[in-house]
Amino acid sequence: MSRAATQRSRRSARPARTGRFGLAELRVGMAAPRPAAGLSSEWRLVGGLRTHTRRAVGPDTGAPPVVLVHGLAVSHRYLTPLAVALSTTHPVYVPDLPGFGLTERPRGAYDVHRHAAHLAAWLAAYRLPPVCLLGHSFGAEVAAALAGTHPKAVRALVLAGPTSDPVARSRRAQLGRWLVDSAREAPLQAPVLARDVWNARPWRVFATLSHSVRNAIEANLVRVTAPTLVLTGGRDPIAPAPWRDQVARLVPDANLVVVPGAPHNVATTNPVAVADAIRHLLAPHPALTDR
């Protein structure tokens, strides 16, 4: 992508419901496996693991499915606000990665590429057409690895708050940035995080963090061929401006969207703005050309 095209691709999303994650969102997020807000749960055997997926059928319009991939220490739960926002126009799938949420726990902690292989097998099990794949935080590492190795499976890619910034690629630095972000997040996300860490077990969270900081996501970013959206919050200390700009430069066909005022969990607290950005990515429109 040329520098001129990169400059034209930068835009800010409207700050819809900035910072909101209230009791209603908490109830929906913690509801699984019970149905709630149009979301339901199902399990399929994938790679020998009983894998949980939270899904919304969406309208019968032929719109491409959107798959949401959660980040480190968490699960489908914190992505339910975005799943609900997208479900008015798209079928939505939110799988729990191995060892997280309601998916069976393997004996060890998977690294990025093993998670990507499991996600590829999950896509094959569901026999989905090419999907719009959104990965948030550590999930963006998994999504980038999958898009790089299985390009025909990914129609479009969204890297939301991608980790990890090479200038802070250590467990101590990432934990420090997470503490800064925690003070900026909606407080009612805390019960979701506590449940998710309990489900995964703290040792798995720490081991997965170790895998994350050893993963050079740059090698996968340059292999992505799908149209890509790099999306972050304007107050995200985990994916700060220099790093998000670098990610957008590395992906051959990438646009950049920043949600003003949003912290790291932008998909949780600003789901309408993120859903609008995804719909814009998937809508047919003329490609940018240099003049």
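- Side-chain contact between L45 and T51 is absent, with no heavy atoms from C-beta onward closer than 4.5 Å.
- Proximity of D253 to P227: side-chain heavy atoms (C-beta onward) are separated by under 4.5 Å at one or more points.
- Q174 places no side-chain N or O within 3.5 Å of a backbone atom of R171 that could act as its donor or acceptor partner.
- Under the 4.5 Å side-chain heavy-atom criterion for Ile, Leu, Val, Met, Phe, Trp and Tyr, V222 and V251 are members of the same hydrophobic cluster.
- Taking each heavy atom of V274 and A267 in turn, the nearest pair found is CG2-CA, 4.1 Å.
- Nearest approach of A83 to L39, heavy atoms of both residues: CB-CD2, 4.1 Å.
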When the side chains of residues 132-145 are checked against the rest of the protein, which donor-acceptor pairs come out under 3.5 Å, sequence neighbours left out?
from	atom 1	to	atom 2	distance (Å)
H136	ND1	Y78	OH	2.8
H136	NE2	H264	O	2.9
S137	OG	H264	NE2	2.9
E141	OE1	N215	ND2	2.7
E141	OE2	T163	OG1	2.6
E141	OE2	S212	OG	2.6

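- The salt bridge (charged side-chain N to carboxylate O under 4.0 Å, His left out) test applied to R114 returns no partner, not counting sequence neighbours.
- Residues passing the side-chain hydrogen bond (donor to acceptor under 3.5 Å, both in side chains) test with S170, sequence neighbours excluded: none.
- The salt bridge (charged side-chain N to carboxylate O under 4.0 Å, His left out) test applied to R279 returns D276, not counting sequence neighbours.
- Between the side chain of T228 and the main chain of V224, no donor-acceptor pair closer than 3.5 Å is present.
- With rounding to the nearest 0.5 Å, the separation of CZ in R184 from OG1 in T269 is 12.5 Å.
- By the 4.5 Å heavy-atom criterion applied to side chains, P202 and V197 are counted as neighbours.
- For the ring pair (Phe, Tyr, Trp, His ring centres under 6.0 Å) condition, no pair includes a residue of residues 140-166, sequence neighbours left out.
- Note on F21 and V28: separate hydrophobic clusters, where clusters join Ile, Leu, Val, Met, Phe, Trp and Tyr whose side-chain heavy atoms are under 4.5 Å apart, directly or indirectly.
- For A109, the side chain to side chain contact (heavy atoms under 4.5 Å, CB included) partners two or more places apart in sequence, or in a different chain, are W203, R204, A207, T208, H211.
- Here the shortest heavy-atom pairing between L79 and V69 reads CD1-C, 3.9 Å.
- Annotation: W178, atom CH2; neighbour count of heavy atoms from other residues, nucleotides and ligands within 6.0 Å does not exceed 12.
- In terms of the salt bridge (charged side-chain N to carboxylate O under 4.0 Å, His left out) criterion, residue partners of E218 (sequence neighbours excluded) are, by chain and number, R169.
- Residue W243 comes nearest to S164 through the heavy atom pair CZ2-O, 3.7 Å, listed as atom of the first residue, atom of the second, then distance.
- Under a hydrophobic clustering in which Ile, Leu, Val, Met, Phe, Trp and Tyr are joined whenever their side-chain heavy atoms come within less than 4.5 Å, directly or via other members, M30 and L188 fall into the same cluster.
- Residue pairs meeting the side chain to side chain donor-acceptor pair (under 3.5 Å) criterion with at least one partner in residues 65-74, sequence neighbours excluded, do not occur; the list is empty.
- With a 4.5 Å cut-off on side-chain heavy atoms, V131 and L123 count as touching.
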Result block: side-chain N/O donor-acceptor pairs under 3.5 angstrom for residues 92-106, not counting sequence neighbours:
from	atom 1	to	atom 2	distance (Å)
Y93	OH	R55	NH2	3.1
D96	OD1	H76	N	2.8
D96	OD1	H76	ND1	3.1
D96	OD2	H52	ND1	2.9
D96	OD2	H76	ND1	3.1
D96	OD2	L102	N	2.9
T103	OG1	H52	N	2.9
T103	OG1	D96	O	2.7
E104	OE1	R50	N	2.9
R105	NH1	N199	O	3.1

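- Applying the salt bridge (charged side-chain N to carboxylate O under 4.0 Å, His left out) test to pairs two or more places apart or on separate chains, those with a residue in residues 61-83 are R77-D196.
- D165 pairs by the salt bridge (charged side-chain N to carboxylate O under 4.0 Å, His left out) definition with R177, not counting sequence neighbours.
- Applying the side-chain hydrogen bond (donor to acceptor under 3.5 Å, both in side chains) criterion to Q189, with sequence neighbours excluded, gives E185, N265.
- Among all heavy-atom pairs drawn from P162 and T232, the shortest one is CD-CG2, 4.3 Å.
- Taking the side chain as every heavy atom from C-beta outward, L282 and H90 approach each other to under 4.5 Å.
- Considering all non-hydrogen atoms of both residues, A36 and A31 come closest at CB-CB, 3.6 Å.
- Side chains of P191 and L26 form a contact here, defined as non-hydrogen atoms less than 4.5 Å apart.
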